[in-house]
Amino acid sequence: MSTVIRRTVPAIVLAGAMAMLTTGCIAGENAAATSDTSGSGDWSTDQLTLDWATYNPLSLVLRDQGLIEQALGDDVSVEWVQSTGSNTANELLRSGSADIASTAGSAALLARANGSPIKVIDIYSQPEWSAIVVGADSDIGTVDDLAGTSIAATKGTDPYFFLLQTLDEAGLSVDDVEVQNLQHADGWSALAAGSVDAWAGLDPIMAGAEIDSGATLVYRNVDFNTYGFLNATEEFIDDHADVAQVVVDAYEQARIWALENPEETAALLAEASGLDAAVAETVIIERSNLDVSGVPGADQIAVLERISPVLVDSGDVQGGQDALDAALETIVYDEFALNATSE
């Protein structure tokens with residue numbers, strides 16, 4: 001199988017990983033300064049709800065290995081809820097149904113610009129998880145051919161914003177196509193049934209469509225994909241920083257394990273998504289860049305600034321450019337990730 005990708009990781013994170021192997025404890029030295037791992041009941045909350053998603057491989061590692069549960073002990077009840085797309089993750093945060101949830105960067109920016117009080121506290125991937133997909137027998141061969149077609153896309157998610165950027169690059173707009181607002185899995189079903197002409201796809205469903213059904217990725221552009229954002233509500237950041245730090249510490253340790261064990265990570269994805277092992281391996285090894293700094297900052301803001309004109313032109317930002325600029329200035333909260341990755 002593929003050569004394992006390795007990266008240089010901070011000493012404290014390596015120490016935490018070794019401790020996990022020998023004692024089951026995931027708290028590093030920085031985490032110990034802000035978090036109680038003794039089981040004495042001194043955590044700031046007795047409940048934590050966070051999401052898992054097939055588009056977030058690290059969440060699958062965490063859920064499978066129980067890293068957060070081990071760190072928090074019996075004094076905090078941990079509940080996992082599934083996000084089927086960035087739009088559902090944002091709704092979980094907005095409604096208070098989750099404290100921490102994973103989205104694409106573009107979706108997080110849109111949510112904050114439209115008033116959702118969320119901030120990114122960790123970066124879980126830099127994936128190529130979206131492309132424009134057509135059926136095996138489609139006559140569509142270029143982006144120009146999309147004019148006048150019906151395209152399935154999940155509004156408020158990276159594939160939707162990928163579609164907008166793709167159309168814009170070709171001199172088209174959303175008014176030149178008919179967008180069918182469908183959840184990701186339903187979008188693929190609609191394409192497979194011939195109900196739409198194209199689909200703004202999302203892995204791992206997209207990889208399954210390509211490998212199992214002969215679907216074609218008619219347009220790919222890694223630069224149109226935004227980073228994977230782990231987001232928390234401002235209230236949770238302010239009131240439960242000790243628990244938030246444990247989550248981010250655990251994400252960093254899950255990243256180390258996933259980089260060292262790509263085939264096992266793919267197996268977790270296959271189990272969670274019901275996809276064949278070969279499809280899951282394509283997603284993890286070829287399209288999921290987990291070897292990226294978990295600290296949110298300038299790299300992510302640069303990507304979001306590049307797509308911001310497309311977001312404004314789409315009419316999806318209620319306050320226009322001013323609201324988007326304010327969101328860009330305030331969306332990053334890097335303290336937990338800096339703690340988790342510092343030497």
Side-chain angles (χ1 to χ4, degrees), residues 9-10 12-53 56-83 89 92-93 95-103 118-124 228-258 261 265 268 272 290 294-296 333-342:
V9 294
I12 186 171
V13 181
L14 283 173
M18 292 302 295
M20 179 185 69
L21 292 174
T22 57
T23 67
C25 176
I26 72 162
E29 294 172 5
N30 282 296
T34 57
S35 304
D36 174 89
T37 57
S38 64
S40 62
D42 291 336
W43 297 107
S44 63
T45 182
D46 60 4
Q47 292 184 329
L48 168 67
T49 303
L50 66 166
D51 80 334
W52 66 274
N56 177 358
L58 298 187
S59 72
L60 305 180
V61 174
L62 287 169
R63 191 173 65 124
D64 180 71
Q65 297 186 4
L67 301 182
I68 294 172
E69 290 86 345
Q70 291 173 34
L72 294 174
D74 295 334
D75 295 312
V76 180
S77 174
V78 178
E79 179 183 2
W80 292 91
V81 294
Q82 183 181 8
S83 291
L92 288 171
L93 291 168
S95 66
S97 299
D99 305 304
I100 297 174
S102 44
T103 71
I118 63 170
K119 293 191 175 186
V120 53
I121 60 174
D122 193 60
I123 301 300
Y124 59 83
F229 277 28
L230 186 70
N231 308 306
T233 62
E234 291 181 346
E235 180 181 5
F236 193 80
I237 292 171
D238 293 340
D239 296 345
H240 307 298
D242 56 343
V243 176
Q245 185 68 65
V246 166
V247 173
V248 175
D249 288 345
Y251 258 89
E252 288 307 310
Q253 293 176 18
R255 189 192 313 277
I256 295 171
W257 187 90
N261 299 277
T265 303
L268 291 175
L290 304 176
V295 181
Y333 187 90
D334 63 6
E335 182 176 328
F336 303 131
L338 286 170
N339 286 341
T341 58
S342 64

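- In this structure the side chain of Ser83 reaches within 4.5 angstrom of the side chain of Leu92, judged on heavy atoms.
- Counting heavy atoms from C-beta outward, Thr49 and Val81 have side chains that approach closer than 4.5 Å.
- Here the closest heavy-atom approach between residue Ala98 and residue Leu93 is recorded as O-CD2, 3.6 Å.
- Of the possible donor and acceptor atoms, none in the side chain of Arg255 sits under 3.5 Å from a partner among the backbone N and O of Leu58.
- Residue Leu50 is tested with Asp99, Val247, Val243 for a side chain to side chain contact (heavy atoms under 4.5 Å, CB included); the sole match is Val247.
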**Report entry** Evaluation steps, side-chain contact (heavy atoms from CB on, under 4.5 Å), between Ile123 and Phe229
**Finding:** CA-CA 5 Å; Ile123 301 300; Phe229 277 28; 3.7 Å; yes
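- Across Pro296 and Asp334, no two heavy atoms sit closer than the pair O-CB, 3.7 Å.
- Between the CD atom in Glu335 and the CD1 atom in Ile237 there is a gap of 9.5 Å [rounded to 0.5 Å].
- Contact between Ser102 and Tyr124 at its shortest, heavy atoms only, is CB-CE2, 3.4 Å.
- With a 4.5 Å cut-off on side-chain heavy atoms, Val76 and His240 do not count as touching.
- The closest side-chain heavy-atom distance from Ile100 to Phe236 is below 4.5 Å.
- Between the side chain of Asn56 and the backbone N or O of Gly228, no donor-acceptor pair lies under 3.5 Å.
- The closest side-chain heavy-atom distance from Trp80 to Asp51 is not below 4.5 Å.
- A distance of 14.5 Å separates CD1 in Ile118 from CD in Glu235, rounded to the nearest 0.5 Å.
- No donor-acceptor distance shorter than 3.5 angstrom exists from the side chain of Asp64 to the backbone of Leu60, with no hydrogens or angles considered.
- In terms of modelled atom types and a separation under 3.5 Å, the side chain of Gln70 and the main chain of Gln65 share a donor-acceptor contact.
- With sequence neighbours left out, Tyr251 forms a ring pair (Phe, Tyr, Trp, His ring centres under 6.0 Å) with no residue at all.
- In terms of modelled atom types and a separation under 3.5 Å, the side chain of Gln47 and the main chain of Ser77 share no donor-acceptor contact.
- With rounding to the nearest 0.5 Å, the separation of CD1 in Ile121 from OG1 in Thr233 is 9.0 Å.
- Side chains of Thr103 and Asn231: a donor on one and an acceptor on the other come within 3.5 Å.
- Expressed to the nearest 0.5 Å, how far CG of Asp238 lies from NZ of Lys119 amounts to 8.0 Å.
- Between Val246 and Ala71, the shortest heavy-atom distance links the atoms CG1-CB, 3.6 Å.
- A donor-acceptor contact closer than 3.5 angstrom is absent between the side chains of Asp249 and Gln253.
- For Glu79, the side-chain hydrogen bond (donor to acceptor under 3.5 Å, both in side chains) criterion is met by no residue, not counting sequence neighbours.
- Shortest non-hydrogen contact noted between Leu67 and Ala250 is CD1-O, 4.1 Å.
- The salt bridge (Lys or Arg N to Asp or Glu O under 4.0 Å) test applied to Glu234 returns Arg112, not counting sequence neighbours.
- The two residues Asp122 and Gly294 have their closest heavy-atom pair at OD1-O, 3.0 Å.
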